[in-house]
Protein chains: 2
Amino acid sequence: MARRATAQDVADLAGVSRSSVSLVLNGRGAGNLSEAKQKAIRAAAEQLDYTPNAVALSLRSRRTRTLGVLTWPGACGLPQELLHRALIRAGEHHYLLLVVDTGGDAEVERRQLETLQDRQVDGFLVVAPAMTHYRPSEALTATPTVLLNCVDPDGAVSSVAPDEVQAGRRAAEVLLRHGHRRIGLLVGDPATLQTAQRVSGVRQAVAAAGEIPPELCLAGRDIDDGARAAGDLLRGPGRPTALVCTHERLAVGAALGAAELGLRVPDGLSLVSLEDGEQLTSKLTTVHRPDAAMAEQAVGLLVEQLAGGAPEVRQLLFGCPLQVRASVATPGQRPGDAADPR
Amino acid sequence: MARRATAQDVADLAGVSRSSVSLVLNGRGAGNLSEAKQKAIRAAAEQLDYTPNAVALSLRSRRTRTLGVLTWPGACGLPQELLHRALIRAGEHHYLLLVVDTGGDAEVERRQLETLQDRQVDGFLVVAPAMTHYRPSEALTATPTVLLNCVDPDGAVSSVAPDEVQAGRRAAEVLLRHGHRRIGLLVGDPATLQTAQRVSGVRQAVAAAGEIPPELCLAGRDIDDGARAAGDLLRGPGRPTALVCTHERLAVGAALGAAELGLRVPDGLSLVSLEDGEQLTSKLTTVHRPDAAMAEQAVGLLVEQLAGGAPEVRQLLFGCPLQVRASVATPGQRPGDAADPR
DNA sequence: CTGAAAGCGCTTACAG
DNA sequence: CTGAAAGCGCTTACAG
């Protein structure tokens, strides 16, 4: 790479001092420099294709317009949609992201955090792969930080997270509205807060309808797990007419398991997924976690904080809308979209 | 955040000059400073929890230990596995990544590239979501750059990419070895080089076996597309006994479509996927694109170049190994792993 | 209206 | 053996 032009180069070419170049290029030329010199400077900058060195700018301004992102993989890798949208939104605010994988390990996180602090990042985003509690370390609370898809139980740091309990409730409700009474529940990793909340929501809704809340059936992480679990449930006594799955893969597996028993979705079995955003099929009725909106909100909150805005802690819970597609029907009948606008 | 300690703070505490601090902390103390002063400096640094400001370091050294990453989403979003592994490997070399989404748009890419150059990134990684040709702009070729999952047809820049033709060949070969003669071919986006190469490989292998290469059946991107396409093929004349799918989702859909016709995998239908790394099911026999190894190699190449190593262009093609699982059997028989070691 | 100086935090020759 | 100086590329008071 040919050496980049510096402000000095521009100054030399325009026959002025470095300071003048800076003034003009930062819009403070008017009233400080003659029209002619301003013009000369702009022309020189143009000619040399000059743009300021961001590193030098950072050293001087003590701001890097860089956000440190702490994340780690879940069952299906990094939270890619959240990261992707955060990256886009940050770019719109002229921030760049420095993403590190902590592996979910506190010691690794400590080291990574130090690296990012050495890099003088302006703030931090913590992006969890699945809804969870997250206790920020002191190093983190000392810097503007926003949690995404996780919450600080002590409420010390702002967060943007999905309302997973409500999501579970909505999944059960659409089935109840269609007349289902025997609802099965397939879950992935039962140890996570995400699963616990989703399950709790489902049970709340079922109980509220006066029915006996379903046992949860531990399925696993991939399609085969879903197929196996659904097969077991559908072959067992008190066969459910509908299934809520905490993950999209399980739902797809359930459809496969049902098909192997000669049951079609939704005629023979209704299915609702608390999807994780993979969108494996366009048929599945899901409760949608609004990753795009959440990521944008989180970045917005952080940028606002960095701009010296409101420093109060805000813990935002995003509602998860029901996405009606084609996997829910009245038991023993054909597909039907819930006309119920809720 | 409390003000970070600077080298000056350490010097003051230790009662020496800034230069001495720098010398000692960079391992050049021996022979330059008395033991006592060295000790004092180390103690002071420890006490103040001093680590050098990376921005200042960058300004002086003209190296940022930062890599710019140009990427864009494909049918299933950003190439997350490649990005994830690149990020990890870069970290091991003490590099951090600045990732931007160009949206596959040349004008956006130009702007993003400029931003990254202003940030003084040491080198670039171009990470494509699917194998493709990529012609680097001049700005890119002027800086150390490595392409990942794409190749420069002009061979001006180093690249690490999968051998998709071989992948296609291997998928067909495992089926041929099992005795399949009527092989169907489900493809995603037919306009991509990735698909073209995979299809070409399949056809080569089938032709080499003296059979008539299969027509390709345009399926689409998700599971439903696969189910529909497979259903059509399986209901049509000259029903195939096996299917090659260019994407994992299509293969899962095919299994679903087959199940709906009462056909089980692999007894009634054999399936091989040219997977895209989602690992939706542990049953599917696939040809595996070695994303982890490719990403690590690409980062390695770039880091080597940055360390002043061999500047020759290298265009690496990675073989894609067959991953034998449980979706291939002899036509009309039960599952059987190919004992054939190849 | 304009340029010289100071300073962001570092390291590396260079005098003493 | 040790410290003062220069310089990476910028911007912002501050003299003139």
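Naming: A, B, ... by sequence-line order, numbering from 1 per chain.
Between the CG atom of A:Leu23 and the C1' atom of C:dC1 there is a distance of 11 Å, rounded to whole Å. The nearest whole Å value for the distance from the CG atom in B:Asp9 to the P atom in C:dG9 is 9 Å. B:Ile41 has its CD1 atom 14 Å from the P atom of C:dC10, to the nearest Å. Atom P of nucleotide C:dG9 and atom CG of B:Leu25 are separated by 16 Å, given to the nearest angstrom. Distance B:Leu57 CG to C:dT11 P: 5 Å, rounded to the nearest Å. Rounded to an integer number of Å, the gap from A:Gln38 CD to C:dC1 C1' is 11 Å. Look at CD on A:Gln8: it is 13 Å from P on C:dA5, rounded to the nearest Å. Summarising the geometry, the separation between CG on A:Asn53 and P on D:dC8 is reported as 12 Å, rounded to the nearest angstrom.
The listed nucleotides are D:dG3, D:dG9, D:dC1; the one nearest the side chain of A:Arg60 is D:dG9. Considering only side-chain atoms of A:Arg62, the nucleotide from D:dT12, C:dG7, C:dC8 that sits closest is C:dC8. Here C:dA6 is the nucleotide among C:dA6, C:dT12, C:dG3 with the atom lying nearest to any side-chain atom of A:Arg18. When each of D:dC10, C:dC10, C:dT12 is scored by its nearest atom to the side-chain atoms of B:Arg28, the top-ranked nucleotide is C:dT12.
Shown are A:Leu116, A:Val121, A:Leu83, A:Leu82; of these, the side-chain contact (heavy atoms from CB on, under 4.5 Å) with A:Val69 is made only by A:Leu83.
Base pairing annotation: C:dA15 forms a Watson-Crick or G-U wobble pair with D:dT2, both donor-acceptor distances under 3.5 Å.
Residue B:Ser34 is classed as a sugar-phosphate contact, given heavy-atom separations below 4.0 Å to backbone atoms only. Counting non-hydrogen atoms under 4.0 angstrom, A:Arg63 reaches nothing in the nucleic acid. Residue B:Thr6 is in sugar-phosphate contact alone, with no base atom involved, counting any heavy-atom pair closer than 4.0 Å across all strands shown. In this structure, B:Leu59 reaches the bases: a heavy-atom distance under 4.0 Å links it to at least one base atom across the strands shown.
Within 6.0 Å of the CD atom in A:Glu46, the count of heavy atoms belonging to other residues, nucleotides or ligands does not exceed 12.
For the C1' atoms, the distance linking D:dC1 with C:dC10 amounts to 22 Å, nearest Å.
Residues A:Val99 and B:Leu97 have side chains not in contact (no heavy-atom distance under 4.5 Å, counting atoms from C-beta outward). Within the 4.5 Å cutoff, the side chain of B:Val151 has heavy atoms near those of the B:Met131 side chain. Between A:Val24 and A:Arg42, the closest side-chain pair of non-hydrogen atoms falls below 4.5 Å.
Taking the nucleotide of DNA chain D with the nearest heavy atom to each of B:Ala56 and B:Ser19, the more 5' of the two is matched to B:Ser19.
Within the structure, a side-chain polar atom (N or O) of B:Asn26 is placed less than 4.0 Å from OP1 or OP2 of C:dT11.
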